[in-house]
2 protein chains.
Amino acid sequence: MSLRHALLGLLAERAQSGYDLTKKFELSMKRYAWHASHSHIYPELKRMAAEGLVEVVDEGLRGRRTYAITGSGRTELRNWMLSPPTNAVVRNEDALRLFLLSSLDRPDAEHLLGRIIDTAEREVAHMREVVADVEGIGDADGPPLFGHFAAEFGLRYHLMELDWARWALGRLTSPAR
Amino acid sequence: MSLRHALLGLLAERAQSGYDLTKKFELSMKRYAWHASHSHIYPELKRMAAEGLVEVVDEGLRGRRTYAITGSGRTELRNWMLSPPTNAVVRNEDALRLFLLSSLDRPDAEHLLGRIIDTAEREVAHMREVVADVEGIGDADGPPLFGHFAAEFGLRYHLMELDWARWALGRLTSPAR
DNA sequence: CCGATCATGTAAATAGTTACATGATTTC
DNA sequence: GAAATCATGTAACTATTTACATGATCGG
């Protein structure tokens with residue numbers, strides 16, 4: 001159940017509403033870290049509030065409820081962050097397609113790799129912007145910003161994917177060895 | 001529901017039992033593509049058999065049932081492989097920890113990065129062996145082997161992770177800019 | 001004959017998605 | 001005043017995990 005730790009981590013940065021959290025998942029988190037929809041996030045926030053890990057600190061317009069992390073929430077988050085991953089859950093639909101590439105005949109495989117390359121190129125361009133944004137905001141003397149490391153990881157991930165797909169396509173069209 | 005596609009993909013390579021499939025998940029698939037346990041795999045195989053995507057082609061010792069992919073299973077697999085990922089599910093507990101790194105104070109963050117570096121080094125060493133094995137088996141003239149591309153992807157992934165973690169640790173200990 | 005591994009399952013619980021549902025406020 | 005966006009929820013279903021459960025065969 002890592003959703004709760006994802007939420008605690010985001011709330012550790014700043015207090016915010018379920019709606020804000022949902023958007024963060026949609027915009028960045030779900031790309032390479034964790035996927036979640038609002039219908040999962042809202043009930044989870046309620047449960048966490050009942051358990052004292054978070055608390056409602058403000059009720060604004062349109063029923064907006066701002067949640068903040070509590071002391072016990074911070075303890076829980078730190079414990080999870082530092083605990084060795086026992087059997088870390090990994091699910092990646094795209095990586096699964098890569099894994100099963102050889103089940104396709106050559107034309108199909110080439111087509112799929114072509115699409116992967118296109119997508120990765122777009123992702124790389126996007127992540128370059130994100131990284132530049134984060135660098136721009138940065139306060140040179142302060143601690144590294146939240147999201148800075150994550151953005152860099154995302155950029156490197158997609159660059160790696162792009163390199164790999166190009167290499168694989170090369171192998172496919174002219175099996176060198 | 002990508003478990004079924006993962007299973008179809010593995011069965012497309014060769015007919016095998018739930019036990020064999022479980023081990024493949026345990027040994028390679030779950031590292032960076034898809035995670036699943038036997039108690040999920042067995043019922044899913046039964047369901048797929050009922051739907052005609054796979055069939056039992058052999059019953060051996062100790063109740064071992066060998067499943068093979070059917071024509072309709074191959075169609076389903078190909079459709080999924082070539083269909084553009086609509087909202088590709090990504091869940092990665094380790095990447096999530098990286099994402100939330102800034103929620104830790106500096107000593108804790110350094111400790112976590114150190115552990116990530118150690119783990120990644122071991123993974124890289126392991127994947128180098130796997131890649132070497134697969135290359136060794138290869139028939140130079142034949143089509144690329146199943147798992148060849150996947151192993152290379154795994155190696156590159158962990159190399160990327162290692163580079164990133166070292167870079168992040170450097171940033172943390174001496175914030176350059 | 002004993003421990004390791006092969007081999008499969010079920011039950012209960014939790015996690016997560018999709019579809020349905022509602023209404024307020026802001027912007028144009 | 002209409003469309004976009006803010007904001008939250010519930011219900012039904014499906015996916016997945018954890019724990020429980022059983023027994024056969026193989027290697028030493």
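Everything numeric here is computed off the predicted structure, so don't read it as measured data. Only this structure's heavy atoms are used, side chains among them; waters, hydrogens and symmetry mates stay out.
- Dashed line: the shortest gap from a side-chain N or O of B:Tyr42 to OP1 or OP2 of C:dT8 is under 4.0 Å.
- At most 12 non-hydrogen atoms from other residues, nucleotides or ligands lie less than 6.0 angstrom from CZ of A:Arg78.
- Applying the 4.0 Å criterion to OP1 and OP2 of D:dT17, one finds that B:Lys30 has every side-chain N and O outside that range.
- Computed from coordinates, the A:His35 NE2 to C:dT17 C1' distance equals 9 Å when rounded to whole Å.
- The base of C:dT18 is paired with the side chain of A:Ser39 by a donor and an acceptor separated by under 3.5 Å.
- Regarding B:Arg4, its CZ atom lies at a distance of 15 Å from the C1' atom of D:dT16, rounded to whole Å.
- In this structure, A:Tyr67 atom OH and D:dA7 atom C1' are separated by 12 Å, rounded to whole Å.
- Defined by atom type and a distance below 3.5 Å, a donor-acceptor pair is missing between the side-chain atoms of B:His5 and A:Glu93.
- Between D:dA7 and A:Arg64, a contact under 4.0 Å exists linking OP1 or OP2 to a side-chain N or O.
- Side-chain proximity of A:Pro43 to the nucleotides C:dG16, D:dA15, D:dT10 is greatest for D:dT10.
- Nucleotides of DNA chain C nearest to B:Arg62 and A:Arg47 differ in position, and the one nearer the 5' end is that of B:Arg62.
- Side-chain proximity of A:Arg65 to the nucleotides D:dT16, C:dT25, D:dG9 is greatest for D:dG9.
- Paired with B:Glu44 under the rule side chain to side chain donor-acceptor pair (under 3.5 Å), one option of B:Lys46, B:His40, B:Arg47 passes, and it is B:Arg47.
- Distance A:Ile41 CD1 to C:dA15 C1': 13 Å, rounded to the nearest Å.
- Closest to the side chain of B:Tyr19, from the set C:dA7, D:dT17, C:dT25, is C:dA7.
- Whole-Å rounding puts the A:Glu59 CD to D:dA7 P distance at 13 Å.
- Atom C1' of nucleotide C:dA11 and atom NZ of B:Lys46 are separated by 14 Å, given to the nearest angstrom.
- No hydrogens or angles considered: a donor-acceptor pair under 3.5 Å links the side chains of B:His158 and B:Glu161.
- Between B:Glu44 atom CD and D:dT14 atom P there is a gap of 12 Å when expressed in whole angstrom units.
- In the set D:dA7, C:dG16, D:dG9, C:dG16 carries the atom at the smallest distance from any side-chain atom of A:Leu3.
- For D:dT16, one of the phosphate oxygens OP1 or OP2 lies less than 4.0 angstrom from a side-chain nitrogen or oxygen of A:Arg91.
- One cannot find a donor-acceptor pair under 3.5 Å joining the base of D:dT8 and the side-chain atoms of A:Ser17.
- Here C:dT8 is the nucleotide among C:dT8, C:dT18, D:dT17 with the atom lying nearest to any side-chain atom of B:His38.
- Applying the 4.0 Å criterion to OP1 and OP2 of C:dC6, one finds that B:Lys23 has a side-chain N or O inside that range.
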For the pair A:Trp34 and B:Phe99, evaluate ring-ring contact (aromatic ring centres under 6.0 Å, His included) and give the outcome as yes or no after the intermediate values. CA-CA 10 Å; A:Trp34 208 261; B:Phe99 201 99; over 10 Å; no
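- A cation-pi arrangement is absent between B:Arg4 and B:Trp80, since the terminal nitrogen or guanidinium carbon is not both under 6.0 Å from the aromatic centre and inside a 45° cone about the axis.
- The phosphate of C:dG16 (OP1 or OP2) has no side-chain N or O of A:Ser37 nearer than 4.0 angstrom.
- Put simply, NE2 on B:His5 is 11 Å from P on D:dA15, counting in whole angstrom units.
- Side chain of A:Asp20, nearest nucleotide from C:dT10, D:dA7, D:dT18: D:dA7.
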